[in-house]
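Order of the sequence lines fixes the chain letters, A, B, ..., with proteins taken first and strands second; residue numbering starts at 1 for each chain.
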Amino acid sequence: MKSVLMVAEKPSLAASLAGILSNGRCTAKRGNNGCSTHEWTGPFRNEGNVHFRMTSVCGHVMSLDFTSKYTSWDKVDPVQLFDCPTEKKECNPKQQMRSFLSHEARGCDYLVLWLDCDKEGENICFEVMDAVQHVIHNVYSTYVTYRAHFSAITDKDIKGAMESLGHPNKNEAKSVDARQELDLRIGCAFTRFQTKFFQGRYGDLDSSLISYGPCQTPTLGFCVKRHDDIQLFKPETFWYLQLVAGQPEVTLEWARGRVFKKNIAIMLLNRVKEHKEATVESVSSKESFRSKPQALNTVELMRICSSGLGIGPFQAMQIAERLYTQGYISYPRTETNQYPENFDLHAVLRLLQPSGDFGDEARAISSDFQTPRKGKDAGDHPPITPMKLGQRNDFDRDTWRVYEFICRHFMGTISRDLKYRTTTAKLKVGLETFTCTANVLLDAGFTKAMTWLAFGKDEAMPPFVQGTQVPITDVRLAESQTGPPDYLTEAELITLMEQHGIGTDASIPVHINNICQRNYVKIETGRKLIPTTLGIVLVHGYQKIDPELVLPTMRSEVERMLTLIAKGSADFNDVLRHAIKIFKLKFVYFVQNIASMDMLFESSFSPLAESGKAHSRCGKCRRYMKYIQTKPARLYCSHCNDNYTLPNGNVKVYREFKCPLDDFGLLAFSTGVKGRSFPFCPYCYNHPPFRDMPKFGGCNTCTHPTCPHSLNTLGISSCVECETGVLVLDSTLSPTWKLGCNRCDVIINCFKGATKITVEENKCSECGAQLVNVVYKSDKSKFKDGSEEKSGCVFCSSEFAHLVEKHRAVASRQVRSGGPSRGGGGAAGPGAGNARGGRHGGRPPKDKMAQLAAYFV
DNA sequence: GCAAGGTC
């Protein structure tokens, strides 16, 4: 019997498809990457019965990146990213998707691709074919590999697709390849350049990454555009007439609305005032309705979660994802907002009826069922609907609110429209017309389920009769001002993105999240998006240099070019080369003109030299340097115009100590009493003076022969945990003392309260560690005999045992690992004639003296 | 450390 491998885009879909195609008679086994394989036997084309094996991927198998040579931000000029080589890498190496696919493909004669029917799906088809090409013979032949085209996950559609298999579309797949390459090159080039240009330039610029992207930047652009509209808004004063008449009294609206000239308004007021009565010109009434909602798709779900529930799209989708995996709702990522023809709406309604929260509404709708509205069938997944009844207690608060919304929205879609009657009375006073409207609810319709949309109170109107006269109670002139637009709400932003084709239903929340996390916008009450100074300055900068960089039309223009590839009317390489050329030119122009963006930064942020506080002295000019705390933390010497990177954590001036090599003031780094700490020289930290001292190392890695802070002076023994580390006495926090490994995180607290500890020349005869001399103040001695000073081994001396934390573990470890003989004496060798080589447990740096000599030359 | 697109 022949075998057929079938692959869907996600595990859930593989399960549904297998269920349909096998008529519910398939077996399933779970792979260790989250993808299951379903098997059954059935007829296939003209092969008679075959063995079907249906599995899935998890979205894309591969992703595009630069080759490793081009991943360095320091060594690669970003402009190279437009031409440098790229390579496809497995998206998630842990999943081992390629080997999983080729394993599942073993023994298969045919491949049927059930990827989502969009361009990305078409691209994944080829990723799958590539993964199994060595297993399925002739996989690129049209007699071996087929493509299923389906537009809904229904019995009819799926079986229909199986009957009319086509072939994967190379052009559509290539258009995705082109998109990936363009996004990668453009995004990374601009991001690296901007980041490196502005980083370290302004002290109070709180961002270590200044990103650019063809989707995120226009998204930010929308927010800043609204901000600018608000800033540029000039309020105008207007006037309008208010007429009070009728029994009971009502205030009527002026048909002119508003006038912007006060003298005209006063003139019209005076004309009205000449009359004591108004004439009822007409009273009319008509029925109006508000449409029930369309079936729910992802974008609408995100919009309403944001505007109605105050839950952001990113979180909303996380919640929806969880509800989906727990079986409470259908697949939450879909563009379709129209139920499939044979969708069993009644079944969904029935499952909601027992609910204590909305069961009454569900039962009412079931006896008054209405056909849902038509919408758009994007051919991906059915709309989002409830699948299982959940109770309030099953969820946390927000999850329940999202679930309840989905249920009530579903009921709304099969309810009646809301109906109301509008009555309008038109009154004439001289030549001026005034109107009064009153709305009365006739049928609450879908708002019975969607209670938050409920119609307002019924409005009353005096019994105006056409042709009669009504006494005027009052007429007055009112003054008001036009107001600025409000900041963009998240829901409005989603709509704008959707309209301009910025992102997809799945990526829209990611882009919004990005511009928040990068500190370009902040979300304020009412989920309004307020751009930050950084966001505003960035967008204004693009507008000054090249406005297209921030326009939403950029993306649509690129999409248009990509569609040409997909349609087969343009060559992949031609389009790609053309687009890259344009963007490279834009990039070069941007780099040349970055000064005009920098001017905006300058007026919004403080240049480095003015920010930060005087801290420690520069060894070159002996002036104080500035300490800039915002990440990346650094010292800046404004006189020498040099930056010195600092370790992440607490950095303080270390008394008056100086580095004997370069005269820079020493600093003390710490991450708290229980964390690592060491003294360091800011110059050596960035420019290690010795070959065996690592970059970004402290004095505890420095092999200076005589400096009182060096490894050579303060080293005690080799580390108890790691292979290459040395335990070094740390005095920076005295009277708290500790031994800290200069490689790993081992810390041994000891001799708390001691006033002085020195490392002696001599070694412990038992373990080889350097002996230490410990001094306490006379009245604060911690020694059992009350003495002020003692010398001994931290690990072996019994007088010290109670003053060293973890000393037992340390001692036993020391003994077991061979203590003094471990690499010690031999390596110290003849070069270490002063016997200091053995000081730190016998691991002196090789050829230390030679290196020192080289340095001092 | 970077984009955007799938999906968990």
Handout entry: side-chain contact (heavy atoms from CB on, under 4.5 Å) between Phe405(A) and Leu301(A), worked out
Key = CA-CA 9 Å; Phe405(A) 159 69; Leu301(A) 173 73; 3.6 Å; yes
Problem - Protein-to-nucleotide contact annotation, 5' to 3' order, nucleotides 2-8 of chain B [B base; S sugar-phosphate only; - none; under 4.0 Å, heavy atom] - result: BBBBBBS
Handout entry: Pair Glu172(A) + Lys567(A): basic N to acidic O under 4.0 Å
Key = no
Handout entry: Residue Asn32(A) excluded, over 12 heavy atoms near CG under 6.0 Å
Key = no
Exercise for the section: Establish, yes or no, whether a centroid distance under 6.0 Å links the rings of Phe190(A) and Phe590(A). Expected result: yes
Practice task
Look at the rings of Tyr403(A) and Tyr328(A) and say which category their plane angle falls in: under 30° parallel, 30 to 60° tilted, over 60° perpendicular.
Solution key: perpendicular
